[in-house]
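Here's the structure we're looking at; comments come further down.
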Number of protein chains: 2
Amino acid sequence: MKKDVSQVVVRRMPRYYRYLGQLLEDNVERISSERLSEIMNVTASQIRQDFNNFGCFGQQGYGYNVKFLRDEIGKVLGLDKTHNMIIIGSGNLGRALASHGAFHKQGFIVTAMFDIDKKLSGTKINDIEIRSMDELEGFIKKNRVDIAAITVPAEVAQELADRLVSLGVKALWNFAQLDLEVDSDVIVQNVLLSDSLMRLSLNMTRKRVLDDND
Amino acid sequence: MKKDVSQVVVRRMPRYYRYLGQLLEDNVERISSERLSEIMNVTASQIRQDFNNFGCFGQQGYGYNVKFLRDEIGKVLGLDKTHNMIIIGSGNLGRALASHGAFHKQGFIVTAMFDIDKKLSGTKINDIEIRSMDELEGFIKKNRVDIAAITVPAEVAQELADRLVSLGVKALWNFAQLDLEVDSDVIVQNVLLSDSLMRLSLNMTRKRVLDDND
DNA sequence: AATATATCAATAATAATATATCAAAAATAA
DNA sequence: TTATTTTTGATATATTATTATTGATATATT
């Protein structure tokens, strides 16, 4: 039984992976938490605590081996395996995901797209075939699907999620502007663009509210 | 001395706005924190604490008036004003943002798009003209620009951010996979798709559900 | 080889966040 | 009207997250 890692830690892990990748590119062989903390603008304590949630990757007096650490964090992030992903909805957002090369490099393979519009059936985006929604059941039964990206209108997203979950999909990457209700063994990761924009807006209006003023 | 609201609270505000909108559509006139907490799956305490960061919107023995509360939270989120937004990069992601109708409804008006590819100059997406990057300076000087959405490759994003900031843009909605370095009076809101996907992947091996968007 | 320095992992201390409690105000019922 | 119930906003408590400290162990220096 793995101990539960908190989501604040989870949120930080990809950032570490990103910076370690950069260090690797720059041929940095080893790094201390102190040095990394300067580069990343966080405390060295937090870095060590975060890493130690997943294992002891460092060595006293030496620091962390960049290559080893990045690989270990990669494993934590599941990047040592490949994940088959389908995209439901071939609107602009669906197409953006399909043609985003970085995912493939990290082991997230888009195996199919689906769209309600049958006129699109058979056409391809970035070599990925668009299929009719009627084919969803058959496709998932024949092919392993680890992740489904949902880029359909919010009005039909819950219904779609139910359909995907009933077919055994355990991870949903949700771009529809609502909270999906799913069984507790299904993971939902939201990317809610409107929410993000509103946060930006909120922070814009409050940024000048400084301590001594009022 | 007005205390700064913490980002954990900021992160939750758009979700309240969303649920209150739903209640309004369902013609619910008033609601208690207790009832809302059941619907939203959080504690009533947290809801009251969150709201009280921005004002006293409720009434003992009555609860919250849905219409009033939603309007107040709307103001907190800056939705009572309009924000002029430009999009830099007219790839799939840029086009997805440009054609996403919901932003406009919430007062975020896309006034122009820019792309390095001069062949696209003059063409339109969702009635928004694509301009050459050469026109950036001129456009920003002539037109108020509140927010710039950055959907260019990571390699050129920092350089672009510097350019935008030097032209006086104070808010960046960043989709490029890197941490932008900007003056402290500039707000950066990241939407890092790869990071989000990695978090999903991490959670898949460790089971949990939660929201994204920092 | 001996000593000094670097640095982690674990633990303790502090700070931030979330939840529970409660007095007072307002609504509702009697 | 008066009593009872509801429900907030404020405050107290509990929990979680972050930062600092410490002891152990590796590396570097003399």
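In the text below, chain A, chain B and the rest are named by the order of the sequence lines, each starting its count at 1.
Applying the ring pair (Phe, Tyr, Trp, His ring centres under 6.0 Å) rule to B:Y62 yields no partners; only residues at least two apart in sequence or on another chain are considered.
A:I47 has its CD1 atom 13 Å from the P atom of D:dA20, to the nearest Å. Atom CZ in B:F57 sits about 17 Å away from atom C1' in D:dT7, given to the nearest Å. Separating the OH atom of B:Y64 from the P atom of D:dT7 is a distance of 11 Å, rounded to the nearest angstrom. For the pair B:N53 CG and D:dA10 P, the interatomic distance rounds to 11 Å; values are reported in whole Å. One can place CZ of A:R11 at 16 Å from P of D:dT16, the figure rounded to the nearest angstrom. Spacing between atom CG of A:D50 and atom P of D:dT18 amounts to 7 Å, rounded to whole angstrom units. B:N41 places its CG atom 15 Å from the C1' atom of C:dT19, with the value rounded to the nearest Å. Between the CG atom of A:L69 and the P atom of C:dC8 there is a distance of 10 Å, rounded to whole Å.
Checking D:dT29 for Watson-Crick or G-U wobble geometry (two distances, each under 3.5 Å) identifies C:dA2 as its partner. Remark: C:dA23 base-pairs with D:dT8; criterion is Watson-Crick or G-U wobble with both hydrogen-bond distances under 3.5 Å.
The side chain of B:Q46 has C:dT19 as its nearest neighbour among C:dA9, C:dC8, C:dT19. Distances were taken from every side-chain heavy atom of A:S6 (C-beta onward) to each of D:dT7, D:dA17, D:dT19; the shortest belongs to D:dA17. Distances were taken from every side-chain heavy atom of B:N52 (C-beta onward) to each of C:dA9, D:dA17, D:dG9; the shortest belongs to D:dG9.
B:Q59 and B:N65 form no side-chain donor-acceptor contact under 3.5 Å, judged by distance and modelled atom types alone. With 3.5 Å as the limit, one finds no donor-acceptor pair spanning the side chains of A:S90 and A:R95. A donor-acceptor contact closer than 3.5 angstrom is absent between the side chains of B:Q49 and B:N53. If you check the side chains of B:T111 and B:N84, you find no donor sitting under 3.5 Å from an acceptor.
Between B:D195 and A:R18, at least one side-chain N (NZ, or NE/NH1/NH2) sits under 4.0 Å from a carboxylate O, which counts as a salt bridge.
One N or O donor and one acceptor, one from the side chain of B:Q49 and one from the base of D:dT11, sit under 3.5 Å apart.
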Scoring nucleotides 21-30 of chain C by protein non-hydrogen atoms under 4.0 Å (B base, S sugar-phosphate only, - none) yields B--BBBSS--

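Heavy atoms of A:E34 sit nowhere under 4.0 angstrom from any nucleic acid atom. Across all strands, A:F51 comes closer than 4.0 Å to no nucleic acid atom at all (heavy-atom distances). At the heavy-atom level, B:R12 lies under 4.0 Å from the strands shown only through sugar-phosphate atoms.
With A:Y64 as the aromatic partner, A:R30 does not meet the cation-pi criteria of under 6.0 angstrom to the ring centre and within 45 degrees of the ring axis.
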